[in-house]
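Naming convention: chains lettered A, B, ... in sequence-line order (proteins, then strands); numbering from 1 in each chain.
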Amino acid sequence: MHAVTYELIKEAKQGKARRGRLHTPHGTFETPMFMPVGTQATVKTLSPEELYDMESQVILANTYHLFLRPGSGLVKKAGGLHKFMNYNRGMLTDSGGFQVFSLGEMRKITEEGVMFRSHIDGSKQFLSPEVSVRVQEELGADIAMAFDECIPYPSDFNYTKKSTERTTRWAERCLKAHTRPDQALFGIVQGGMFPELRKMSAESLLEMDFAGYGIGGLSVGEPKPVMYDMLDQTTDWMDKQKARYLMGVGTPDCIVEGVNLGVDMFDCVFPTRVARNGTAMTARGRLVIRNAVYAEDFRPIDENCSCYTCRNFSRAYIRHLFKAEETFGLRLLSIHNLHFLLDFAKKIRDAIEQDRFAEFRKEFWDNWEEKDKRPENLN
RNA sequence: GUGGGUAUGGUGAAGCGGUUAACACGGCGGAUUGUGGCUCCGUUACGCGCAGGUUCAAAUCCUGUUACCCACC
């Protein structure tokens, strides 16, 4: 029995959307879900209480960053990540694989693992399936992710195949190294933009009996239709009784389409990152709060939003905070954006429950301003 | 009052006779998808205090004028 299990509650009549529950050592959570990102053991600018208020469920932390600073040994001494950062709901740690490949200037990939230089002090570091699992066990999140290579886009077939096969071997080693009974381990499907490699990756990982599965290597620069196609090809080969987590994806349009293709979990830095750059998310699209048109706009970001920010502050005020570089602005927009996405996921869950997800999806695209991203199969 | 100096966009300033007046900040847009509050991209002076003059050519040279700064009475 895995420490984290997925309970399938309901499937949509058309499309592959599904309503489920994730049972974890820190509670049961509703899917489809959006998971706020708290890379360095904090969702930037927000307190745990503020996250609870917006009904945040599972949040992410990052192995690469915490491994380099403050070190997993210290977190272990503190009593684990939950205690260390005082967040008592679900938690997931990324394996560090992605960062090694995206942040690492000099890195050397071998069968054994990856040698790389720390972005903090330039020191030489080594991460492998065994090291990543050990670090993640010390961090102690409910869900740990297998150490994988996120293949850049574009990559040719031969490299993708070689890398995907290695990621599969690394997955096996992660499973073998994993010992903590109160923590689940998720495998990660790779395969780049090649359907047959996606299938190969999914099938071989399926045999290993992970608690759930991440879908990696998507949203790395490929066109949206390609991503949706790959996602479609990937979920077809996955176990219906286990959670599917589309890694690093989390704009509203991608979430709707991801859910429609059978995804249960999403995470993304997008809402919190763009918040810090002055962009608010709405059901229509982005609202760049620092634009001059909002200088004297005393309405809230969204009239219909119930978040703390929208209940109390105007666009003009938030714009002023950004212009004056006051940190409260970062917080207000982070609160709004996270609230928006968590609420968005809730609306999706309700729609699936009430058998109207197809309608929800259609309505979403009718309101969405980026019409060019509209999928073709939306009758 | 006398002598000297400086006047270039929102700001700090380059340019010292000859391509479309550098560069930085700011402003205005945009990007941002397993997080560096980072970063990246585009745009932003039909004009060089004002008025004349010299020259094929003037922000650059000359004259006058105005403002400010420094020194001395």
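Evaluated for a side-chain hydrogen bond (donor to acceptor under 3.5 Å, both in side chains) with A:K224, the options A:D253, A:T251, A:D229 yield exactly one hit, A:D253.
Straight-line distance from the CG atom of A:D253 to the P atom of B:rU32: 11 Å, rounded to whole Å. Rounded to an integer number of Å, the gap from A:N277 CG to B:rA31 C1' is 10 Å. For A:E326 and B:rG37, the CD to C1' distance is 13 Å, given to the nearest whole Å. Here the P atom of nucleotide B:rG34 and the CZ atom of A:F67 are 21 Å apart, to the nearest Å. What separates CZ of A:F270 from P of B:rU32 is a distance of 6 Å, to the nearest Å. Put simply, CG on A:L66 is 12 Å from P on B:rG36, counting in whole angstrom units. For the pair A:M281 CE and B:rA31 P, the computed distance is 13 Å after rounding to whole Å. What separates CZ of A:F340 from P of B:rU33 is a distance of 18 Å, to the nearest Å.
Within 4.0 Å of A:D148, counting heavy atoms only, lies at least one base atom of the nucleic acid. Contact annotation for A:I188: base contact, defined as any heavy-atom pair under 4.0 Å involving a base atom. Residue contacts for A:G217: at a heavy-atom cut-off of 4.0 Å it reaches a base atom on one of the strands shown. Residue contacts shown for A:H65 are limited to sugar-phosphate atoms, with no base heavy atom under 4.0 Å away. Nucleic acid contact for A:Q190: base, since at least one base atom lies under 4.0 Å from a heavy atom of the residue.
Between B:rG37 and A:R273, no contact under 4.0 Å exists linking OP1 or OP2 to a side-chain N or O. In this model, the phosphate group of B:rG36 is not approached by any side-chain N or O of A:R69 to a distance below 4.0 Å at OP1 or OP2. At the phosphate of B:rU32, OP1 or OP2 sits under 4.0 Å from a side-chain N or O atom of A:R286.
With a cut-off of 3.5 Å on both Watson-Crick or G-U wobble distances, the partner of B:rG64 is given as B:rC50. Pair assignment for B:rU2 gives B:rA71, based on Watson-Crick or G-U wobble hydrogen-bonding distances that are each under 3.5 Å. Pair assignment for B:rG37: none, as no Watson-Crick or G-U wobble contacts are both less than 3.5 Å. When Watson-Crick and G-U wobble pairs are counted only if both distances are under 3.5 Å, B:rA58 pairs with no nucleotide at all. B:rU19 is unpaired under the criterion used here, namely a Watson-Crick or G-U wobble arrangement in which both key atom distances are under 3.5 Å. Nucleotide B:rA13 has no partner under the Watson-Crick or G-U criteria, as no pair reaches both atom distances under 3.5 Å.
Under the 30°/60° scheme for interplanar angles, the aromatic rings of A:F116 and A:F67 are found to be tilted. Aromatic ring pairs are classed by plane angle as parallel below 30°, tilted from 30° to 60° and perpendicular above 60°; the pair A:Y317 and A:F328 is perpendicular. Ring geometry for A:F357 against A:F360 counts as parallel: the plane angle stays under 30°, on a 0 to 90° scale with 60° as the upper cut.
Remark: the separation of the C1' atoms in B:rC62 and B:rC40 is 49 Å, to the nearest Å. Using C1' as the reference atom, B:rC68 and B:rU8 are 16 Å apart when rounded to the nearest Å. Taking atom C1' on both nucleotides, B:rC16 is separated from B:rU6 by 15 Å, rounded to a whole Å. If you take atom C1' in B:rU55 and the same atom in B:rU66, they sit 27 Å apart, rounded to whole Å. B:rC41 and B:rA7 have their C1' atoms separated by 35 Å, with the value rounded to a whole Å.
With a 4.5 Å cut-off on side-chain heavy atoms, A:L246 and A:M265 do not count as touching.
The main-chain N or O of A:P271 is found under 3.5 Å from a side-chain atom of A:N337 such that the two form a donor-acceptor pair. Looking at A:S204, its side chain does come within 3.5 Å of a backbone N or O of A:S201 through a donor-acceptor pair.
Of the candidate nucleotides B:rC28, B:rG34, B:rG37, B:rC28 has the atom nearest to the side chain of A:A292.
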